[in-house]
Amino acid sequence: MPSFDVIVVGAGHAGAEAALACARCGVSTALFTLSLDGISNMPCNPSIGGAGKGHLVFEIDALGGEMGYAADKATLQSRTLNTGKGAAVRSKRVQADRALYSKIMKQTLESTENLHIIQAEVVEILVEAAGGVSKVCGAVAEPGGEFFAKCVILSTGTYLGGVTHVGDVVKKSGPDGALPAASLTASLAALGVRFQRFKTGTPPRIHRRSIDFSKLEIQYGEDYITPFSVRTDSALLNGIEQVPCHLVYTNEDTHRVILENIHRSPLYSGKIHGTGPRYCPSIEDKIMRFRDKERHRLFVEPMGLCTDEIYLQGFSSSLPADVQYKMLRTLSGFEEAEIMRYAYAIEYDCVDPTELERTLEFKKIKGLYGAGQFNGSSGYEEAACQGLVAGMNAALSARGMAQLTLPRYSSYIGTLIDDLVTKGTSEPYRIMTSRSEFRLMLRQDNAEWRLCDYGRAAGLISDERYAEYKKRRADIEGEISRLKKTTVAPSRALNEILESAGGGPITTGAKLAELIRRPGVEYDALAEVDPSRPALSREARLSVQTEIKYEGYIKRQADDTRKLEKAEGRLIPSDIDYGAIGGLRLEAVEKLEKIRPSSIGQASRISGVNPADISVLMIYLSVKKRERDKEKENENKNEN
């Protein structure tokens, strides 16, 4: 029976990151995929990043992951969203070349030492009893047979029990017409794993030649592209010729066609039972839910440089093929549209994520991990970050080392995982900046500061890269210190800068940091009156500016972070009997028994557990601690 340290099931965005993390940490890894041609496929929009999601990509890179580096190489167009808002909610998004991204990731996986890629379907997870605890010992694949492993990571995406819907046409299928994973659900259910059924969808792909782009609004990329990855040469990235995207809008005729045929939608005829994503609904769902809205904006986006397929973001549907043509051709510029791939909805199996620890290991089956849409999330970025965390921890476990947990105040990755395993989800989970109470601290520009040490502890950050990070951080911290100490005298040039920013002039000397804190005043604008400033990269200058402007707010959030850190440090014994704690409400006992929180902090975030319950729990733990301390004291006396 072939033997590996870790087996990864599924080679989508979660599986690719998981496999790379394991192999790069030095453990032998087998990556199983239904098709080698589907590695890191983008069956939905070929884009990386977006609101909240861009933060995840920067964090993946800071931990030593691959998504951001590959996305930089496959960039067709880059834009930063929410530029009119504060730095904390600005998010990078790139339109990526779909085929190129998949090719880059496949080549990266193939060239990685310790990693073996196998095209086969994993149909069963092998578990053994060890000391009264269920423990993974391998998997069964067809073809291939039995494979031994210390750990197994499940990253099955939308393939697990996949069923697609196009009107009345229902097929057992994965995304893009690929084969589904048909047998694994039964194997896991037999092990006691709880499942739920989710749904997602995708719009039609249109042939470029059939679109009249002269009728569409053009959307250009940004002037300067900030790389996702610190490994990317920003000069080379900014040397690419960006491809324009376009905008179009639905209209009264579009809505009429949809409403006249709504009874033919599987969503409304009762054929689809899975729960769809709240923040990315199908076009028919939008029309039904927002009937007072006269139009909906759609994004017309290229799929790549070597294809004429065009993606129509915002037009996902499960309506029949003939209706798709009718509603599509009501759009301005799409009167002669040719569909190359029909829109479809896909239902799939995913696990109840409250069955997982914050390491993404199953509570009841040691060595078994879940990642990505298997855990109830949506999106490439959410999948990739979970794959990375699961891969890091599986590798650490396989080597007999302590696993890592990312606190929610450390990152959006930590927030996402904590939300999933603590609160669960009744619909595909999507990250948003509003999900974090610490978002002023969790910006794109400081991801490396927050997470590089975690990546290094896991073995994913090399000595050379870590030294470069320390140098970048020292440069930024040094410049912030200099700006706080350096005084500039009033001058005509300085006052012109201040007045152009909408502020008043100064008549006495002022610290440079104080000037930067003024609304509208930017670090770069003060270069003329600050000749001693060091040469810093554009990214470093923006970080300096943000740290100074938000310093007061950041300090207040740092205080909140310390309080949460203290609560997270109050650990709860894994074998605690909540039913034996007098004063806990019945609902609290049920929720605590189900989630089995690892700390007071996590317990306080469980829905149905109120502050009074937390007080009772803390008193109980304090009493138990005093009893243990007393017992130990008596034992020491008896020994003496």
Side-chain angles (χ1 to χ4, degrees), residues 131-133 352-364 366 389 393 396-397 401-411 413-424 435-438 441-442 450 453-454 457 555-640:
V133 177
D352 176 352
T354 61
E355 294 204 14
L356 306 173
E357 305 279 5
R358 284 190 286 176
T359 58
L360 297 182
E361 185 178 21
F362 274 78
K363 296 172 183 175
K364 297 179 180 178
K366 297 305 176 185
V389 171
N393 281 321
L396 288 168
S397 177
M401 300 171 67
Q403 299 183 53
L404 293 172
T405 297
L406 296 180
R408 66 181 295 116
Y409 54 78
S410 73
S411 55
I413 298 177
T415 301
L416 179 154
I417 292 174
D418 185 63
D419 280 351
L420 285 173
V421 305
T422 303
K423 302 173 184 177
R435 293 196 186 272
S436 175
E437 59 271 49
F438 305 105
M441 299 175 64
L442 307 185
R450 295 183 278 111
D453 284 325
Y454 286 99
K555 283 182 177 179
R556 284 200 289 273
Q557 284 206 343
D559 291 338
D560 294 336
T561 296
R562 282 188 284 273
K563 293 176 184 176
L564 179 56
E565 190 173 8
K566 184 178 179 181
E568 294 295 343
R570 301 196 67 171
L571 302 180
I572 301 174
S574 60
D575 59 350
I576 188 171
D577 181 3
Y578 292 103
I581 303 176
L584 276 183
R585 295 175 308 112
L586 180 60
E587 181 186 6
V589 171
E590 291 174 352
K591 295 293 179 66
L592 289 165
E593 284 288 359
K594 178 185 177 184
I595 305 300
R596 308 295 302 178
S598 60
S599 67
I600 289 294
Q602 187 182 7
S604 68
R605 294 188 294 276
I606 298 174
S607 175
V609 178
N610 63 34
D613 298 317
I614 295 299
S615 295
V616 170
L617 179 58
M618 290 175 66
I619 292 170
Y620 176 82
L621 292 174
S622 296
V623 170
K624 287 297 181 182
K625 182 178 184 301
R626 286 197 297 270
E627 290 177 355
R628 288 194 302 272
D629 291 344
K630 188 68 175 176
E631 288 177 3
K632 187 176 290 186
E633 181 181 338
N634 291 335
E635 288 175 2
N636 291 336
K637 286 180 179 179
N638 291 334
E639 288 177 1
N640 294 330

Close side-chain approach of Lys594 and Thr354, heavy atoms under 4.5 Å: yes

Interatomic spacing from CG in Leu564 to NZ in Lys566 - rounded to 0.5 Å: 12.5 Å

Pairwise distance OG(Ser411) to CZ(Arg450) - rounded to 0.5 angstrom: 6.5 Å

Under-4.0 Å salt bridge between Lys555 and Asp560: no

Rounded distance [0.5 Å steps], CG in Asp453 versus OG in Ser410: 11.5 Å

Sub-4.5 Å side-chain heavy-atom contact between Leu404 and Val389: no

Shortest non-hydrogen contact from Glu437 toward Gln557: O-NE2, 3.2 Å

Smallest separation among heavy atoms of Ala457 and Leu396, with atom names: O-CD2, 4.4 Å

Spacing of Leu416 atom CG and Ile413 atom CD1 [to the nearest 0.5 Å]: 8.5 Å

Smallest separation among heavy atoms of Thr415 and Arg408, with atom names: OG1-O, 3.0 Å

Derivation and outcome, side-chain contact (heavy atoms from CB on, under 4.5 Å), residues Val589 and Ile581: CA-CA 9 Å; Val589 171; Ile581 303 176; over 6 Å; no

Side-chain donor/acceptor of Thr359 to backbone N/O of Thr405, under 3.5 Å: no

Salt bridge Asp559-Arg556, side-chain N to carboxylate O under 4.0 Å: no

Show me the side-chain donor-acceptor pairs of residues 600-621 shorter than 3.5 Å, one per line, residues at least two apart or across chains.
residue: Gln602; atom: OE1; partner: Ser598; partner atom: N; Å: 2.9
residue: Gln602; atom: OE1; partner: Ser598; partner atom: OG; Å: 3.2
residue: Gln602; atom: NE2; partner: Thr422; partner atom: OG1; Å: 3.1
residue: Ser604; atom: OG; partner: Gly601; partner atom: O; Å: 2.6
residue: Arg605; atom: NE; partner: Asp418; partner atom: OD2; Å: 2.6
residue: Arg605; atom: NH1; partner: Glu568; partner atom: OE2; Å: 2.8
residue: Arg605; atom: NH1; partner: Gly601; partner atom: O; Å: 3.0
residue: Arg605; atom: NH2; partner: Asp418; partner atom: OD1; Å: 2.9
residue: Arg605; atom: NH2; partner: Asp418; partner atom: OD2; Å: 3.3
residue: Arg605; atom: NH2; partner: Glu568; partner atom: OE2; Å: 2.8
residue: Asn610; atom: OD1; partner: Ala612; partner atom: N; Å: 3.0
residue: Asn610; atom: OD1; partner: Asp613; partner atom: N; Å: 2.9
residue: Asp613; atom: OD1; partner: Arg585; partner atom: NE; Å: 3.4
residue: Asp613; atom: OD2; partner: Arg585; partner atom: NE; Å: 3.1
residue: Asp613; atom: OD2; partner: Arg585; partner atom: NH2; Å: 2.7
residue: Asp613; atom: OD2; partner: Asn610; partner atom: N; Å: 3.0
residue: Ser615; atom: OG; partner: Pro611; partner atom: O; Å: 3.2

Charged N-O contact under 4.0 Å between Glu587 and Lys591: yes

side-chain hydrogen bond (donor to acceptor under 3.5 Å, both in side chains) against Glu357, all qualifying residues, sequence neighbours excluded: none

Arg596 side chain vs Ser574 backbone, donor-acceptor pair below 3.5 Å: yes

Side chain to side chain, Tyr409 and Leu442, heavy atoms closer than 4.5 Å: no

side-chain contact (heavy atoms from CB on, under 4.5 Å) between Leu584 and Leu592, worked out: CA-CA 10 Å; Leu584 276 183; Leu592 289 165; 4.1 Å; yes

Any donor-acceptor N/O pair, Asn393 side chain to Gln403 backbone, under 3.5 Å: no

Least distance between heavy atoms, Ala567 atom then Ser599 atom: O-CB, 4.0 Å

